[in-house]
Amino acid sequence: MTMRRAIDEARALLDEAISHYGLKDVVYDVAEPKEEQYGDLYSNLAFQLSKILRKSPSMIAEEVCRLCSKSIAGCRLIRSMEPHRAGYINFRLNIHELAKITLEEVKSKGRMYGSIDVGKGKRVMIEHTSVNPNKALHIGHVRNLVLGDTIYRILRFTNHNAIVLNYIDDSGLQVADIIVGFRFLNFPLESSKKFDHYCGDDVYVKVNEMYDHDPSLLAKRREVLKAMEDYNSDIARFAREVTVRVLNEQLKTCWRLNARYDCLNFESQIIASKLWDKALRLMQRKDIIKVDDDPASKYHGCVVVKAGIEGEEKVLIRSDGTATYIAKDIPYAMWKLGILEDPFKYVEYAKQPDGSILWATSLDGAGSLHINGAEMAITVIDVRQSRLQNIIAKILSMLDNDSSRYKHLAYEVVALSANTARLFNIEIGDKRFAHMKGREGIYINADDMLDRLHNKAYEEVKARNPDEDEQWLHRTAESIAVASIRYSMLKQDLDKIITFDIEDALNLHGESGQYIQYAYARASRILEKASSIAVVGEERGIDIDSTHIGSEEIALVKAIARFDMVVEDTVKSLNPKTIARYCYTLAMVFNEFYEKVPVLHEKDEHLIKMRLSLVRAFITTMSNCMSLLGIDALERM
RNA sequence: GGGCCCGUAGCUCAGCAUGGAUAGAGUGCCUGCCUUCUAAGCAGGUGGUCGUGGGAUCGAAGCCCACCGGGCCCGCCA
């Protein structure tokens, strides 16, 4: 918050200069420069004004600085400003003041340091994970989960009433595939493997192989799919049993990854609840859909979304009366935004590791709880679904004239690096990556990757902490594994494919989740030892004004001071990369401080106190930031 | 055929929204630094015609256009 205050002061000064020119509403930027030699803040105002005033930026910069020179005295954080001949206006801050108010603010806000009220309590639904319940999560699903869960954490931190949904497509084709395996191809229901792995790695892959050799099996699949539509049929019951077993195993993986949910939405229940009929009637009334009655049309006899949405027609109901995939998503989206009345009852499905209750939709039950009806709905699905998501968003915007309430958070897929692809015997020539393929068994399961990371981390932790007990070692190794995979999924931009390389992923050095954890652990150890060597517990009455503050300390203060601006950027752009990279930078700045600046080995007690309180501020900021990323803060590792 | 996205160091990527000060990380390779708060670290070196060509601009990695290379989407599948 404090860097923001400094920027506000700079802007106030510059605005004053702008009004001297008789101008207003000039768009310009005040930010931290990348190099220290250019001061603590800089502005590009002179460049912006040069277009209007038809003078050179450097002349304007000089003038602006002259115009502001008197007002600087009234500033708390701005100490000086000077023009640079390149045309920039550079500011120097009163570092002691910045340090003082930053440390004070972190201390007083504690766990809420960095939080800003963007949401004003607004209810937002965020759907993520939504893995078909016929297989285990692979690393592609992990990207979805981690993005969604991190967005959730950031929304919650910025005062949104955020609700997390996990959509369970328990009546789709992929589920039908494994039911075919169990019912018609004699796959046993028990296996020594984790059930989701067994269904995905063995049953699903092999059934799909068998389709290739015996196409008549496809008729069995249609039969199963049809039977599953009748909620009370024997096949439907059996399918629910199997999918719930898979789901329960998937949820273990999700919880392992530090995710949590508020509600499971079962597709079979959306269908059975007749929500679709209501959605259909509503769209009819609003003239969004029509029956294609043109015998010459390829969609003759279907209910389609009218042309004009994304420039193409889209079938919602086939000529045989069955609903298409997208048709199931529409009533669900309406439910999210409260456009339709809530037909569901909710039952407690599970108690989650964080202590919260996971609810599930139900068709019967007594509860009066209603989960639907948010001001905004965010759906996390990969970019391949963009076209369909756009159609849904368009339909919804036609219903309530607000096109911004339904957001698709699109992200690119996770693919295998050339080296990793070779482990699956895939030859990719000179390509750089290979796509994963569920039906062919070409993917890396999330649990397997976590186990590998866990084992690697376990060795490292044990080497450093040989006297710790097994339980602690494993708990720590698990936290490191999760941090590692979460950070690797977050650091990349949403529109870039993640080229996943197992070897790289197992490298515990460099820009990574464990680097972040390591910085935190180092800081924690300083505080731990500080309390035992009887220097000080509390640093009261530190006179920062008369204390020397070196460049590493300044860098750390500044990094801490801009946390809330990063939080704001992240929540506005819905791009978790921003906060992830900040967290890494904060860790890096601390590591530099740690290497060069002694805390407990310092002679001057005054400096020890000041540095200890800086370390405390770092710990608080880092802990808040890591919590947004779903990365555990470890006091030792 | 139509639409969306990507192309920056050997490799994996920031920077691009809102153009401006010598283009940054990590990794790899090479060098240093642990009787001192955890070396999962730090410091230094190596390494780049920012895909290509044009345009607007005082100024382009960034904006506009074209092209090249790669990926994805466009089904009465999900």
Side-chain angles (χ1 to χ4, degrees), chain A residues 27-29 31 33-35 37-38 42 44 46-48 50-51 56-57 84-88 90 132 169 171-176 225 292 298-304 310-312 314-326 328 382-388 390 410 412-413 415 417-419 431-433 435 457 460-461 463-465 480 488 491-501 504 507-512 514-515 517-519 521-530 533 573 577 581 584-585 588 591-592 594-602 611 615 636-637:
Chain A
V27 176
Y28 64 93
D29 205 26
K34 40 192 177 213
E35 284 185 52
Q37 56 167 311
Y38 303 123
Y42 76 93
N44 64 349
F47 293 105
Q48 304 302 103
S50 76
K51 287 169 192 156
S56 77
H84 187 277
R85 59 183 178 321
Y88 290 95
N90 296 332
N132 281 319
D169 180 2
S171 52
L173 204 64
Q174 297 199 2
V175 168
L225 201 57
D292 190 331
K298 61 177 176 173
Y299 297 141
H300 179 61
C302 299
V303 173
V304 298
E310 296 300 307
E312 61 193 293
K314 190 74 206 165
V315 173
L316 297 182
I317 299 181
R318 305 185 187 101
S319 50
D320 68 0
T322 57
T324 61
Y325 167 70
I326 183 175
K328 295 171 187 170
D382 75 57
V383 68
R384 293 171 298 188
Q385 299 276 352
S386 291
R387 190 180 286 256
L388 290 175
N390 283 341
E412 263 292 358
V413 296
S417 74
N419 277 328
K431 299 268 171 57
R432 297 193 146 170
F433 59 84
H435 284 292
E460 302 281 335
V461 179
R464 290 168 179 77
N465 302 275
I480 294 168
S488 71
K491 71 174 175 185
Q492 200 119 319
D493 207 357
L494 295 171
D495 54 16
K496 287 237 171 65
I497 291 172
I498 290 182
T499 309
F500 194 88
D501 186 273
D504 274 359
N507 179 359
L508 299 180
H509 299 273
E511 184 187 352
S512 62
Q514 54 274 7
Y515 179 96
Q517 289 177 311
Y518 186 61
R522 282 176 139 184
S524 298
R525 294 285 282 158
I526 293 178
L527 296 190
E528 189 186 315
K529 297 204 169 174
I533 61 173
S573 63
K577 173 192 70 175
R581 290 198 174 259
Y584 171 71
T585 304
M588 192 173 68
N591 272 333
E592 285 166 14
Y594 183 92
E595 295 280 345
K596 286 164 203 151
V597 183
V599 179
L600 303 178
H601 298 293
E602 171 58 45
R611 288 174 187 164
V615 172
R636 249 171 201 267
M637 61 188 277

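Proteins come first, then strands; the chains are lettered A, B, ... in the order of their sequence lines, and each starts at number 1. Since we're looking at a predicted model, the values are computed, not measured.
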Check: Separation of A:R85 atom CZ from B:A21 atom P, in whole Å?
Finding: 14 Å

Notebook entry, point to check: Which residues satisfy the side chain to side chain donor-acceptor pair (under 3.5 Å) test with A:N132, sequence neighbours excluded?
Noted result: A:Q174

Item checked: Residues A:K596, A:E592: salt bridge by 4.0 Å N-O rule -> no

Check: Quick one: side chain to side chain contact (heavy atoms under 4.5 Å, CB included) partners of A:E595, sequence neighbours excluded?
Finding: A:R522

Note to self: So A:D292, base contact, sugar-phosphate only, or nothing? Heavy-atom distance under 4.0 Å.
What the structure shows: nothing

Note to self: My understanding is that only residues two or more places apart in sequence, or in another chain, count here; which of them pass salt bridge (Lys or Arg N to Asp or Glu O under 4.0 Å) with A:K314?
What the structure shows: none

Notebook entry, point to check: Partners of A:A519 by side chain to side chain contact (heavy atoms under 4.5 Å, CB included), sequence neighbours excluded?
Noted result: A:A587, A:F590, A:N591, A:F618

Next item on the list: State which residues pass side chain to side chain contact (heavy atoms under 4.5 Å, CB included) with A:S56; sequence neighbours excluded, sorted by chain then number.
Entry: A:S58, A:M59

Next item on the list: Search all heavy atoms of A:A46 against all heavy atoms of A:P57 and return the closest pair with its distance.
Entry: CB-O, 3.3 Å

Next item on the list: Using a 4.0 Å heavy-atom cut-off, write out nucleotides 73-78 of chain B from 5' to 3' as B (base contacted by protein), S (sugar-phosphate only) or - (no contact).
Entry: BS-BSB

Check: Under a 4.0 Å N-O cut-off, is there an ion pair linking A:R318 with A:D320?
Finding: no

Next item on the list: Please state the P separation for the pair B:U36 and B:G45 - nearest whole angstrom.
Entry: 28 Å

Next item on the list: Decide, for B:C67, between syn and anti: a glycosidic angle within 90° of 0 counts as syn, anything else as anti.
Entry: anti

Next item on the list: Please measure how far the C1' atom in B:G3 lies from the corresponding atom in B:G47, and state the result in whole Å.
Entry: 39 Å

Next item on the list: For nucleotides 35-44 of chain B, just jot down a letter per nucleotide in 5' to 3' order: B, S or -, based on protein non-hydrogen atoms under 4.0 Å.
Entry: -SBBSBBSS-

Checklist line | With A:E35 via side chain to side chain contact (heavy atoms under 4.5 Å, CB included) - residues at least two apart | finding: A:Q37, A:Y38

Checklist line | Partner set under ring pair (Phe, Tyr, Trp, His ring centres under 6.0 Å) for A:Y584, not counting sequence neighbours | finding: A:Y515

Checklist line | Proximity to the side chain of A:Q492 - top-ranked nucleotide from B:C13, B:A21, B:C72 | finding: B:C13

Next item on the list: Starting at the 5' end of RNA chain B, write a dot or bracket for each base, bracketing those in Watson-Crick or G-U wobble pairs whose two distances are under 3.5 Å and using | for partners on another strand.
Entry: (((((((..((((......[...))))((((((.......))))))....(((((..]....))))))))))))....

Notebook entry, point to check: Rounded to the nearest 0.5 Å, what separation is found between the CZ atom of A:R525 and the CG atom of A:L600?
Noted result: 11.0 Å

Next item on the list: Would you kindly check whether a donor in the side chain of A:N44 faces an acceptor in the base of B:A21, or vice versa, at under 3.5 angstrom?
Entry: no

Write down the protein N/O and nucleotide N/O pairs, taken from nucleotides 15-18 of chain B, whose separation is under 3.5 Å; answer none if there are no such pairs.
unit_1: B:G15; atom_1: OP1; unit_2: A:K577; atom_2: NZ; d: 2.7

Checklist line | With A:Y42 via ring pair (Phe, Tyr, Trp, His ring centres under 6.0 Å) - residues at least two apart | finding: A:Y88

Next item on the list: Check the distance between B:C13's C1' and A:R581's CZ and give it to me in whole angstrom.
Entry: 6 Å

Note to self: Can you measure A:I497 atom CD1 to B:U12 atom P for me and round it to whole angstrom units?
What the structure shows: 12 Å

Checklist line | A:D292 CG to A:I317 CD1 distance, which is reported to the nearest 0.5 Å | finding: 13.0 Å

